[in-house]
Amino acid sequence: LVFKFKKTLPQTLSTQGRNMIILVVLQGLMGWFMVKSGLTLDPQVSHFRLAAHLGLALVLLQYCFWSLLSLSHPSTRTAPHPLLKQAKSFSILLGIQIIYGAFVAGLKAGYGFNTWPKMGDVWLPDSAWIFRPITDNFFSNPVMLQFMHRSMGIILFLAVIILFIKGKLSLLSIRQAKALNIVFITTVSQVIIGIATLIFVVPIPLALLHQSLAMVLLSGATYLIFVLKRNI
């Protein structure tokens, strides 16, 4: 706001600056809305509102990051790299996984079934299906939420391997190769830390590292999409 009123923002950032202000205000309102859900005798916020608050924060972060990249690398008229579609698909899967991570955190679903790769003695406990209608289990049942977060982690792991192999078999620039390496290494690290967080019954330092690395991974995926779209 200060930069905007002092008119020190370049014209290229005028629209982005306005959008950032809107996103920050929305984030503040969502934060209040989230906290309000926990002002009860049982002080626990809604996991839906927690996920929305986290989601808005990540949208704001990625929007700022994309704006920064756009200033550093002006737009070109070259065609995007063929790997762009796969990178976007990976980012969508990652976004869904992060939201499920927020659900897991909000309902403390990580404190049950602290074994890997099975959940206890089975792959999917019967308690994952106790809600009616059945669809409610995928959004509010802690057991199913943990199963979905585990499963999405495996899917992302396989997806990043496919993305990495396709990238190495195609012609990549130095920036594109570095971005792909960042996404690959961060994804593998995130999977390992996620499993460790579960097995050691969610120690706070590991849980914080897991959440922080999710932001790094999402930013890495954004950077990969940027360099592939600009083909630089």
Side-chain angles (χ1 to χ4, degrees), residues 3-4 7-24 26-27 51 54-102 151-194 209-232:
F3 292 147
K4 194 164 183 63
K7 297 183 178 179
T8 55
L9 282 180
Q11 188 60 36
T12 51
L13 266 184
S14 180
T15 301
Q16 290 94 324
R18 180 199 63 206
N19 293 340
M20 288 174 197
I21 292 170
I22 293 172
L23 284 170
V24 169
L26 288 175
Q27 174 71 340
L54 174 65
L56 267 175
L58 293 177
V59 168
L60 174 59
L61 173 64
Q62 300 314 307
Y63 188 79
C64 292
F65 185 40
W66 188 278
S67 299
L68 176 64
L69 291 171
S70 298
L71 288 175
S72 304
H73 308 286
S75 180
T76 59
R77 295 181 179 232
T78 56
H81 193 280
L83 199 64
L84 179 61
K85 288 183 179 179
Q86 285 87 347
K88 286 182 176 180
S89 298
F90 175 82
S91 296
I92 291 172
L93 289 174
L94 177 59
I96 296 172
Q97 172 70 329
I98 290 174
I99 295 303
Y100 262 107
S151 302
M152 286 296 298
I154 295 172
I155 292 171
L156 273 173
F157 180 71
L158 296 175
V160 81
I161 290 176
I162 294 171
L163 182 66
F164 185 77
I165 293 173
K166 283 189 173 182
K168 293 304 178 182
L169 293 177
S170 62
L171 188 61
L172 296 175
S173 69
I174 294 176
R175 286 195 189 97
Q176 291 165 351
K178 285 183 178 179
L180 182 60
N181 288 339
I182 290 171
V183 170
F184 179 75
I185 293 171
T186 310
T187 302
V188 174
S189 301
Q190 180 71 329
V191 169
I192 294 171
I193 292 171
L209 179 61
H210 189 51
Q211 291 181 336
S212 300
L213 202 57
M215 290 189 292
V216 174
L217 176 53
L218 185 61
S219 299
T222 296
Y223 180 55
L224 177 61
I225 289 174
F226 182 87
V227 294
L228 291 173
K229 185 176 182 179
R230 299 288 175 91
N231 210 354
I232 55 176

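In this chain, residues are counted from 1 in sequence order.
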Side chain to side chain contact (heavy atoms under 4.5 Å, CB included) partners for F157, two or more places apart: I161, V188, V191
Begin from the C-alpha positions of Q27 and L23 and carry the test side chain to side chain contact (heavy atoms under 4.5 Å, CB included) through to its verdict. CA-CA 6 Å; Q27 174 71 340; L23 284 170; over 6 Å; no
Ignoring hydrogens and angles, tell me if any N or O in the side chain of Q176 forms a donor-acceptor pair with the backbone of L224 under 3.5 Å. no
Heavy atoms only: give me the nearest G167-L180 pair and the separation to one decimal. CA-CD2, 3.7 Å
Can you check whether V227's main-chain N or O pairs, donor with acceptor, with H81's side chain at less than 3.5 Å? no
Take the angle between the ring planes of F164 and F184 and call it parallel below 30°, perpendicular above 60°, tilted in between. parallel
For T8, side-chain hydrogen bond (donor to acceptor under 3.5 Å, both in side chains) partners two or more places apart: none
Hits for side chain to side chain contact (heavy atoms under 4.5 Å, CB included) against T186, two or more places apart or cross-chain, chain-then-number order -> I182, L213, V216, L217
For H210 and Q190, which heavy atoms make the closest approach, and how far apart are they? O-NE2, 2.8 Å
Are M152 and I155 close enough that some pair of their side-chain heavy atoms sits under 4.5 Å apart? yes
Closest approach of S67 to L13 (non-hydrogen atoms, all atoms of both residues): CB-CD2, 4.3 Å
Show me the donor-acceptor pairs, under 3.5 Å and distance only, between side chains in residues 88-98 and residues at least two apart or in other chains.
from : atom 1 : to   : atom 2 : distance (Å)
S89  : OG     : K85  : O      : 3.0
S91  : OG     : A87  : O      : 3.1
Q97  : OE1    : H149 : ND1    : 3.0
Q97  : NE2    : H149 : O      : 3.0

Residues forming a side-chain hydrogen bond (donor to acceptor under 3.5 Å, both in side chains) with Q16, sequence neighbours excluded: none
Which residues share a side-chain hydrogen bond (donor to acceptor under 3.5 Å, both in side chains) with K168, sequence neighbours left out: N181
For the atom pair OG1 (T187) and CG (L158), what is the distance rounded to the nearest 0.5 Å? 11.5 Å
Full working for side chain to side chain contact (heavy atoms under 4.5 Å, CB included) between F226 and F65: CA-CA 10 Å; F226 182 87; F65 185 40; over 6 Å; no
